[in-house]
Amino acid sequence: MLAGRVQPGAAGCCRRLLAAALAAGLRPLLCGLPPCWTTARRAAGQWPSPGLRVPEAAEAERLVQQVQRAGVPLRRFIACPKLARTVQRCLQGGAGPGPQPVLLECAPGPGVLTRTLLNAGVRVVALESNSVFLPNLQSLENSLDGQLKVIYGDFFRLDPLVTGMVKPPAVCSDKLFETMGVAAVPWRADVPVKIFGILPQKKERNTLWRLLFALYECSSIYRYGRVEFNIFISEKEYKVLTAKPGEVRAYQALTVLWQVGCEIQLLHMEPWSSFVTNLKNGGLAVPKSTWLPNDHLCLVRLTPQQNLFTGGLEPTNSSTFIFMVKQCLAKPRSRLTDRLNSWSLDNGGKLLRELEIPKNAETRHLYPEDYRRLFEALQNSNMFTETWFHDEVLESIRNINL
């Protein structure tokens, strides 16, 4: 026998001794890492890559085909691994070295983006409402050590306006955040959680309004702080959110309110054809637009402003601010002085001079910050204390908050 060779029976024994040594905390001696390296990474929100296999586009499309049946609402999914890597880089872009917030992925479907995020060390909560996709996601959850949490629910049916018990897949935000392990933080604190999703096409505008009301009222997801929303929306809606004063049709109340409330950042634009749908005929069903471009889906980051609730604007009076902006832009070519006079404000001209707003300015020419300054000035004038005005505010909200 050659010198130094270990006998066959001793090889297994050596391996067992080595495993025991590692379990006893001797890993630092062997690889230079602290014994609680994995635990420390988890505490910092930085997980080691599990090295998961990401399905190819054709494989993901086959899974989506299982939900291609009549009567199912239109949904779009990320099936291309290249697009998933692009989205993952966008979601992690600008992240600092400290603890990273959990990412809530809405309607992950075949899980192509989910696996890509996990491989990048992101802690993910997957909120899925379709039973076809749940088994694969739950199997993935069971194979990992806490990096993925799968929840049955529909984010776009969050906090439904119903009384009594909420029936799944509808879900309440307090139960959702409790399951995620996310606690509320002060408004001016760092972002407590990131959310990613693709807005449902059928109710895109209504969903944006509902999110807007929740933002200004600090309700639903915004009870927990300045939640960062990363969403794919149609290009035409993105153009509305980022429109400039004077732009015909695009500059709307929705524009002003989102620009006052959030920092709006375009992360990526992707052609509609890059996404897979659950339509029975396998089509794309791209919504037509004759007055705004609509060739892409836009990944937009909406980060609430830290200073949103300063200078007189508060969650308790935010509905009045929303009403004021809607009323002003209901007829965008009307003069602001005419609108003020309709509210029985006799010194509207004086108020505009103090704000350095031209007397003949049309409502469509005011910048979002001008609307905020106008609201704060009107608050100081005690104009909004009239009962008839508040009744009109409430009636308007009933017609919007669908």
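Any value given below was found using the heavy atoms of this structure, including those in side chains, with hydrogens, waters and symmetry copies removed. For reference, positions follow the sequence shown, starting with 1.
Using a 3.5 Å distance cut-off with no hydrogens or angles, the side chains of Gln92 and Gln88 do pair a donor with an acceptor. For the residue pair Glu204 and Ser234, a side-chain donor N or O sits within less than 3.5 Å of a side-chain acceptor on the partner. In this model, no donor atom of one side chain and acceptor atom of the other lie less than 3.5 Å apart for His296 and Glu270. A side-chain donor from one of Glu105 and Thr114 sits under 3.5 Å from a side-chain acceptor of the other.
In this structure a side-chain-to-backbone donor-acceptor pair under 3.5 Å is missing from Ser139 to Pro135. A donor-acceptor contact shorter than 3.5 Å links the side chain of Arg188 to the backbone of Gln306. Between the side chain of Thr303 and the backbone N or O of Glu228, no donor-acceptor pair lies under 3.5 Å. Asp159 places a side-chain N or O within 3.5 Å of a backbone atom of Ser173 that can act as its donor or acceptor partner. A donor-acceptor contact shorter than 3.5 Å links the side chain of Thr86 to the backbone of Lys82. Remark: the backbone N or O of Lys236 is paired with a side-chain donor or acceptor of Asn294 at under 3.5 angstrom. Judged by distance alone, with hydrogens and angles left aside, the side-chain atoms of Asn230 form no donor-acceptor pair with the main-chain N or O of Leu302 at under 3.5 Å. Judged by distance alone, the side chain of Arg76 and the main-chain N or O of Leu284 form a donor-acceptor pair under 3.5 Å. Within the 3.5 Å criterion, the main-chain N or O of Arg301 finds no donor-acceptor partner in the side chain of Gln265. At distances below 3.5 Å, not a single donor-acceptor pair connects side-chain atoms of Asn341 with backbone N or O atoms of Leu336.
Rounding to the nearest 0.5 Å places CG of Leu267 at 4.5 Å from CG of Leu299. The structure places CD1 of Ile233 at 6.5 Å from CD of Glu237, a figure rounded to the nearest 0.5 Å. Rounded to the nearest 0.5 angstrom, Leu208 CG and Lys203 NZ are separated by 13.5 Å. Distance check, rounded to the nearest 0.5 Å: CD of Gln252 to NZ of Lys326 gives 9.5 Å. Between Phe133 atom CZ and Gln66 atom CD the span is 7.5 Å, to the nearest 0.5 Å. To the nearest 0.5 angstrom, Leu374 atom CG is 6.0 Å from Leu351 atom CG.
Side chains of Ser220 and Leu158 form a contact here, defined as non-hydrogen atoms less than 4.5 Å apart. Between Leu254 and Arg205, some side-chain heavy-atom pair lies under the 4.5 Å cut-off. Side-chain atoms of Asp295 and Pro271, non-hydrogen and from C-beta on, never get closer than 4.5 Å to each other. Residues Leu313 and Arg372 meet the side-chain proximity criterion, which asks for heavy atoms closer than 4.5 Å. The shortest side-chain heavy-atom distance between Val193 and Tyr224 does not fall under the 4.5 Å cut-off. In this structure, the side chains of Leu113 and Leu117 come closer than 4.5 Å at one or more pairs of heavy atoms. Within the 4.5 Å cutoff, the side chain of Leu308 has heavy atoms near those of the Tyr216 side chain. By the 4.5 Å heavy-atom criterion applied to side chains, Ile221 and Phe155 are counted as neighbours.
Ring pair Phe232/Phe275 is perpendicular by interplanar angle, where above 60° counts as perpendicular and below 30° as parallel.
Heavy atoms only, all atoms of each residue included: Arg123 and Trp47 are closest at CB-NE1, 3.6 Å. Between Tyr251 and Pro368, the closest heavy-atom pair is OH-CD, 3.3 Å. Closest heavy-atom contact between Tyr371 and Cys328: CE2-CB, 3.6 Å. The two atoms that bring Gly246 and His365 nearest to each other are CA-CD2, 3.8 Å, heavy atoms only. Of all non-hydrogen atoms in Ala84 and Val112, the two that sit nearest each other are CB-CG1, 3.8 Å. The two residues Leu52 and Asn119 come nearest to each other via the heavy atoms N-OD1, 2.7 Å.
Salt-bridge annotation for Arg335 and Glu362: absent, with no side-chain N of the basic residue lying under 4.0 Å from a carboxylate O of the acidic one. Salt bridge Glu59/Arg53: present, at least one basic N to carboxylate O contact under 4.0 Å. Residues Arg75 and Glu128 are paired through a salt bridge, judged by an N-O separation under 4.0 Å between the basic side chain and the carboxylate. Between Glu369 and Arg373, no side-chain nitrogen of the basic residue sits less than 4.0 Å from a carboxylate oxygen of the acidic one, so the salt-bridge criterion is not met.
With ring centers used as reference points, Phe323 lies 6.0 Å or more from Phe375.
Residues satisfying the side chain to side chain contact (heavy atoms under 4.5 Å, CB included) criterion with Asn142, sequence neighbours excluded, are absent altogether.
Within 6.0 Å of atom CG in Asp190, 12 or fewer heavy atoms from other residues, nucleotides or ligands are found, so the atom counts as exposed in its surroundings.
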